[in-house]
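The next block holds one structure in the form of structure tokens; read it before the comments.
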Amino acid sequence: MYNSSEPLDQSFYNQPTLELAQSLLGKLLLKETEDGIAGGYIVETESYMGPADRAAHSFNNKRTKRTEIMFGRPGHAYTYSMHTHCLFNVVSGDIDHPEAVLIRGIEPCTGEDLMELRRPKAKTKKQWTNGPGKLTKALGITMADYGRKLDQPPLWIAPGKTVKSSEIASGPRIGIENSGEAKDYPWRFWIEGNAFISR
DNA sequence: AGCACGATAAGA
DNA sequence: CTTATCGTGCTA
């Protein structure tokens with residue numbers, strides 16, 4: 001358990017975004033706060049492919065205070081708030097290639113007592129973390145984590161467990177109905193049959 | 001099914 | 001100022 005919680009090296013993030021989105025499945029996402037450490041296995045991701053992807057915040061190289069981190073090196077946290085929620089992405093692509101992978105679902109691994117406290121409205125364990133806004137709340141990820149490098153506490157990603165390519169399913173992304181033909185691209189990946197998929 | 005919630009950004 | 005958004009939880 002302890003060894004599998006050691007951060008992945010920076011070199012892990014030097015791979016094409018569509019491959020990274022699949023490589024992240026099974027990896028362990030961890031967050032440490034003053035209350036302790038909470039973490040879970042990543043079971044669902046989505047790729048956002050930058051300038052050419054109408055669904056991406058960085059479409060057409062749109063560069064704002066919010067998207068700035070995506071133009072830098074990969075392996076950092078891109079958090080943004082939508083309505084009342086915070087969503088967590090892993091920055092991908094090299095410098096000036098503003099791509100990212102959205103984490104949409106995790107399977108609780110450690111700190112389950114913390115997650116239960118942070119998700120008082122969830123009726124079942126699965127509802128702790130089966131959505132992008134839910135898992136950030138369960139782990140204690142906030143906008144204060146924007147830009148953090150993901151190879152050290154308080155926010156990091158560890159090897160977790162191995163996922164065979166035969167266990168990985170793919171399909172269209174969620175919540176981007178207004179993005180032209182990009183809405184049909186199969187850039188969402190998940191572990192087939194896992195209970196913590198968002199839908 | 002619909003709708004409120006409200007951080008960020010763009011357009012009028 | 002108004003509108004839209006990579007979502008969640010409420011009311012029905």
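In the text below, chain A, chain B and the rest are named by the order of the sequence lines, each starting its count at 1.
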query: Using 4.0 Å as the upper bound for N to carboxylate O, is an ion pair formed by Glu107(A) and Lys125(A)?
result: no
task: Report yes or no: is the cationic atom of Arg63(A) (NZ for Lys, CZ for Arg) under 6.0 Å from the centre of the six-membered ring of Phe71(A), at an angle within 45° of the ring normal?
output: yes
statement: Here the distance between atom P of dT11(C) and atom NZ of Lys121(A), to the nearest Å, is 11 Å
- request: Evaluate whether the aromatic ring of His83(A) and the six-membered ring of the dG7(C) base sit under 5.5 Å apart, centre to centre, with an inclination under 30°.
  value: yes
- prompt: dG9(C), dT8(B), dG6(B): which one has an atom nearest the side-chain heavy atoms of Thr84(A)?
  reply: dG6(B)
- prompt: Which of the following nucleotides, dT8(C), dC6(C), dG9(C), is nearest to the side chain of His85(A)?
  reply: dT8(C)
- prompt: Mapping Met82(A) and Thr64(A) onto DNA chain B by nearest heavy atom, which one lands closer to the 5' end?
  reply: Met82(A)
- prompt: Roughly, in whole Å, what's the span from CD in Glu44(A) to P in dG7(C)?
  reply: 10 Å
message: Is the distance between the ring centroids of Tyr80(A) and His57(A) under 6.0 Å?
response: yes
task: Between Gln127(A) and Glu46(A), just flag the one whose closest nucleotide in DNA chain C comes earlier from the 5' side.
output: Glu46(A)
- request: Look at all strands and tell whether Leu102(A) reaches a base, only sugar-phosphate, or nothing, counting heavy atoms closer than 4.0 Å.
  value: base
field: Atom-pair distance (NZ on Lys183(A); C1' on dT5(C)), nearest Å
entry: 17 Å
- prompt: To the nearest Å, how far apart are Lys123(A) NZ and dG9(C) P?
  reply: 8 Å
message: dA9(B), OP1 or OP2 - any side-chain N/O from His57(A) closer than 4.0 Å?
response: no
- prompt: Contact class for Arg66(A) vs. all strands (heavy atom < 4.0 Å): base, sugar-phosphate, or nothing?
  reply: sugar-phosphate
- request: Tell me whether the OP1 or OP2 atom of dT5(C) has a side-chain N or O from Asn178(A) closer than 4.0 Å.
  value: yes
message: In this structure, how many angstroms lie between the C1' atom of dG9(C) and the NZ atom of Lys134(A), rounded?
response: 9 Å
message: If you define the side chain from C-beta out and look only at heavy atoms, does anything of Trp128(A) sit under 4.5 Å from Glu112(A)?
response: yes
- request: Using a 4.0 Å heavy-atom cut-off across all strands, classify Lys137(A) as base, sugar-phosphate, or nothing.
  value: nothing
message: Is Arg63(A) close enough to dA9(B) that one of its side-chain N or O atoms is under 4.0 Å from OP1 or OP2 there?
response: no
- prompt: Is the distance from OP1 or OP2 of dG7(C) to the nearest side-chain N or O of Arg104(A) less than 4.0 Å?
  reply: yes
- prompt: Whole Å only: how far is the CD1 atom of Ile141(A) from the P atom of dG7(C)?
  reply: 16 Å
pi-stack flag for Tyr48(A) and dC6(C), centroid dist under 5.5 Å, interplanar under 30°: yes
field: Residue Asn89(A), side-chain heavy atoms: nucleotide from dA9(B), dC6(C), dG7(C) that is nearest
entry: dC6(C)
- prompt: Below 4.5 Å, heavy atoms only, C-beta onward: do Tyr146(A) and Ile69(A) meet side chain to side chain?
  reply: yes
query: Are more than 12 heavy atoms from other residues, nucleotides or ligands located less than 6.0 Å from atom CD of Glu181(A)?
result: no
- prompt: Touch check for Arg54(A), heavy atoms < 4.0 angstrom, all strands: base, sugar-phosphate only, or nothing?
  reply: nothing
- request: Take the protein atom NZ of Lys126(A) and the nucleotide atom C1' of dT8(C), then report the distance between them rounded to whole Å.
  value: 15 Å
- prompt: With both distances under 3.5 angstrom, what nucleotide forms a Watson-Crick or G-U wobble pair with dC10(C)?
  reply: dG2(B)
field: Nearest-Å distance for atom pair CZ/C1', residues Phe59(A) and dA10(B)
entry: 14 Å
